[in-house]
Visitor: 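Please find one structure pasted underneath; my questions will follow.
Letters A, B, ... mirror the listed sequences (proteins, then strands); counts begin at 1.
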Number of protein chains: 2
Amino acid sequence: MPPSSTVENYLKEVYLGVGRLPAGATLLPMGQLASALGVAPGTATTMVKALAESGLVDYEPYNGVRLTAAGTRLAATVLRRHRLVELFLVQVMGMRWDEVHDDAEHLEHVVSDRLIDRIDEMLGHPETDPHGDPIPGKEGTIRERHFETLLTCPVGTRVVVARVSDQDPVFLRFVERHGLKPGQVVSVEARDEVADAVQLRGADDATFTLGARAASKLLVDVTPEAAAAATPSSARDAAPRR
Amino acid sequence: MPPSSTVENYLKEVYLGVGRLPAGATLLPMGQLASALGVAPGTATTMVKALAESGLVDYEPYNGVRLTAAGTRLAATVLRRHRLVELFLVQVMGMRWDEVHDDAEHLEHVVSDRLIDRIDEMLGHPETDPHGDPIPGKEGTIRERHFETLLTCPVGTRVVVARVSDQDPVFLRFVERHGLKPGQVVSVEARDEVADAVQLRGADDATFTLGARAASKLLVDVTPEAAAAATPSSARDAAPRR
DNA sequence: ACAGTGATTTTGACTACTCAAAAATACAAG
DNA sequence: CTTGTATTTTTGAGTAGTCAAAATCACTGT
Ligand SMILES: [Mn+2]
Ligand SMILES: [Mn+2]
Ligand SMILES: [Mn+2]
Ligand SMILES: [Mn+2]
């Protein structure tokens with residue numbers, strides 16, 4: 001009767017996958033879903049047909065899949081559990097932000113409402129997880145803010161890292177080493193289209209270079225208020241979100 | 001490759017079931033295993049044969065099942081996770097001792113070694129869980145102490161509750177209300193074989209009666225050292241184990 | 001219009017776990 | 001012995017999820 005872990009994973013991945021779609025598109029191709037879940041394409045097709053039967057997704061053969069309202073609500077609660085757990089592991093258990101994703105991936109399916117509420121309360125009803133991802137509300141409401149990336153933001157202005165859209169531990173440690181955790185300040189010195197690279201100046205005034213691929217994974221807040229509110233200069237560790 | 005939750009549950013239940021066997025017996029009847037797991041008898045038989053195939057249990061048809069050394073080791077790590085999680089939920093998350101069992105029942109299958117070590121460390125390598133159940137060591141070592149019960153312990157001496165062998169929330173709350181949590185002191189005033197009841201005097205000097213069935217679920221430490229070390233008189237809440 | 005290519009769906013099969021009901025077994029009493 | 005009862009095992013079947021490989025479809029370029 002409660003949705004299985006498998007169903008929860010499919011719905012979550014549909015939600016995340018649709019979010020990564022090029023502007024305009026709303027249907028996630030089965031191939032992308034399958035590879036995100038690490039299953040064979042045929043498996044995803046079969047499963048999605050069952051989910052459509054249950055009214056959790058809309059499925060258009062050969063076009064792709066999208067969440068229904070019910071599916072979105074469920075995906076949001078899974079995401080809420082995942083992200084609250086991640087933040088809990090970092091904030092309370094003292095784990096590193098690059099090692100919490102795998103644990104959360106399993107815990108998200110078993111933490112009870114009682115426990116997740118307790119965690120939420122203990123953390124003071126946080127709005128984002130350690131990677132800057134928004135934490136859906138208790139009733140399945142998700143407010144996704146729109147951000148620029150280090151590839152698209154204005155050059156020469158101080159911007160604040162808001163979100164890192166890659167869970168790979170190696171990448172996360174790299175990000176941390178360069179002072180690019182959510183809450184930290186950085187500015188784009190220059191962009192070189194040909195070299196496919198971005199010149200950055202961190203809070204410690206050191207400059208370094210990022211490839212375009214990596215730069216596009218760093219979402220930044222370009223509003224002046226954000227830069228003003230951010231930890232002025234002694235930002236060695238990331239400032240906690242709020 | 002890692003054991004499934006199902007396998008972990010079977011092994012854990014075999015361990016606990018064998019422990020509850022009448023003195024002398026070492027083989028857990030299939031019927032008991034099946035009902036402990038809430039599964040049909042035939043299901044248990046099939047599963048146990050598979051576990052025997054994997055070398056985790058010894059199975060004697062029509063006689064019952066018992067853990068091998070490998071099976072014991074695995075059961076111990078599951079029990080370790082279960083009990084550390086329970087204590088964590090009480091001590092760190094502030095949950096009540098009567099509501100943690102269900103959460104632990106699910107979490108025991110998904111907490112990583114990293115996380116469980118962290119919990120263990122955070123709790124100061126505790127030896128018992130909130131119900132007085134011993135927490136197996138990291139390497140699968142279990143030291144089960146032998147205890148008397150309120151049905152068998154000497155009359156008139158102060159004894160210390162060591163362990164409560166029933167997870168039912170209603171019973172646990174009853175136990176708490178009467179000051180019988182692990183660590184608390186009590187003494188048997190009298191036993192009435194005919195009435196099937198035990199007269200008790202709690203730390204607050206109030207007396208009350210327990211049926212034999214309930215009394216036998218309260219394991220007590222009868223050594224004088226235990227009574228001396230226990231919270232002398234102002235024992236309103238249970239003293240933390242160590 | 002049409003062949004080629006890549007994505008998607010279908011098919012057939014397999015694993016893990018489960019149940020209900022029938023068959024077999026153990027054991028205690030007569 | 002022999003029968004009755006309770007327990008256990010066997011049988012047949014079903015669900016959830018998965019894969020490999022064959023079949024189908026959509027689309028691109030000619
Ligand atoms: Mn994550
Ligand atoms: Mn995250
Ligand atoms: Mn428990
Ligand atoms: Mn316990």
Visitor: Roughly how many Å is it from CE in M1(B) to P in dT15(C), rounded to a whole number?
Guide: 17 Å
Visitor: Who passes side chain to side chain contact (heavy atoms under 4.5 Å, CB included) against S35(B), sequence neighbours left out?
Guide: none
Visitor: Could you give the CG-to-P distance, from L37(A) to dT18(D), as a whole number of Å?
Guide: 8 Å
Visitor: What pairs of donor and acceptor atoms, side-chain ones from residues 211-222 of chain B against any protein atom, are under 3.5 angstrom apart with sequence neighbours left out?
Guide:
from    : atom 1 : to      : atom 2 : distance (Å)
S216(B) : OG     : R213(B) : O      : 2.8
K217(B) : NZ     : D166(B) : OD2    : 2.9
D221(B) : OD1    : T223(B) : N      : 3.0
D221(B) : OD1    : T223(B) : OG1    : 2.9
D221(B) : OD2    : R145(B) : NH2    : 3.0

Visitor: Under the side chain to side chain donor-acceptor pair (under 3.5 Å) rule, collect the residues that match up with D196(B), sequence neighbours excluded.
Guide: none
Visitor: Considering only nitrogen or oxygen atoms on both sides, find all protein atoms under 3.5 Å from nucleotides 22-28 of chain C and state each distance.
Guide:
from    : atom 1 : to     : atom 2 : distance (Å)
dT25(C) : O4'    : Y62(B) : OH     : 3.4

Visitor: Sequence neighbours left out, what passes side chain to side chain donor-acceptor pair (under 3.5 Å) with S112(A)? Give chain and number order.
Guide: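 S112(A): side chain to side chain donor-acceptor pair (under 3.5 Å) contacts with D103(B).
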Visitor: Looking only at side-chain N and O atoms, does K49(B) come under 4.0 Å of OP1 or OP2 in dT9(D)?
Guide: no
Visitor: For dT9(C), does OP1 or OP2 lie under 4.0 Å from any side-chain N or O of Y59(A)?
Guide: yes
Visitor: Do any side-chain atoms of residues 62-72 of chain B form donor-acceptor pairs under 3.5 angstrom with protein atoms, and if so which ones, sequence neighbours left out?
Guide:
from   : atom 1 : to     : atom 2 : distance (Å)
N63(B) : ND2    : E60(B) : OE1    : 3.3
R66(B) : NH1    : T26(B) : OG1    : 2.7
R66(B) : NH2    : E60(B) : OE2    : 3.3
T68(B) : OG1    : G55(B) : O      : 2.8
T68(B) : OG1    : L56(B) : O      : 3.0
T68(B) : OG1    : A70(B) : N      : 3.4
T68(B) : OG1    : G71(B) : N      : 3.1
T72(B) : OG1    : T68(B) : O      : 2.7

Visitor: Restricting to salt bridge (Lys or Arg N to Asp or Glu O under 4.0 Å), what partner residues turn up for E148(B), sequence neighbours left out?
Guide: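 Per chain and number, E148(B) pairs via salt bridge (Lys or Arg N to Asp or Glu O under 4.0 Å) with no residue.
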Visitor: To the nearest Å, give me how far apart CG (L33(B)) and P (dT9(D)) are.
Guide: 11 Å
Visitor: Keeping to residues at least two apart or across chains, list the side-chain hydrogen bond (donor to acceptor under 3.5 Å, both in side chains) pairs with something in residues 74-85 of chain A.
Guide: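 Those involving residues 74-85 of chain A are E8(A)-R81(A), R80(A)-D120(A), H82(A)-E86(A), H82(A)-H101(A), H82(A)-E108(A).
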Visitor: Send over the distance from Q32(B) CD to dT9(D) P, rounded to a whole Å.
Guide: 13 Å
Visitor: More 5' along DNA chain D: T45(B) or P41(A), using each one's nearest nucleotide?
Guide: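 Going by which nucleotide is closer to the 5' end, it is T45(B).
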Visitor: Measure the CD1-CD distance between I119(A) and E121(A) for me, rounded to the nearest 0.5 Å.
Guide: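 Nearest 0.5 Å value for the CD1-CD distance: 11.5 Å.
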Visitor: The criterion is ring-ring contact (aromatic ring centres under 6.0 Å, His included); which residues satisfy it with F174(A), sequence neighbours excluded?
Guide: H178(A)
Visitor: Tell me every residue that passes side chain to side chain donor-acceptor pair (under 3.5 Å) with T46(A), counting only those two or more places apart in sequence or in another chain.
Guide: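 With sequence neighbours excluded, T46(A) shows a side chain to side chain donor-acceptor pair (under 3.5 Å) to no residue whatsoever.
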Visitor: Any heavy-atom pair between the side chains of E13(B) and L33(B) that's under 4.5 Å?
Guide: yes
Visitor: Tell me which residues in residues 21-31 of chain A lie within less than 4.0 Å of DNA chain C, going by non-hydrogen atoms.
Guide: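 Listed by number, they are P29(A), M30(A), G31(A).
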Visitor: Show the distances under 3.5 angstrom between N or O atoms of the protein and N or O atoms of nucleotides 11-17 of chain D.
Guide:
from    : atom 1 : to    : atom 2 : distance (Å)
dG17(D) : OP1    : S4(A) : OG     : 2.6

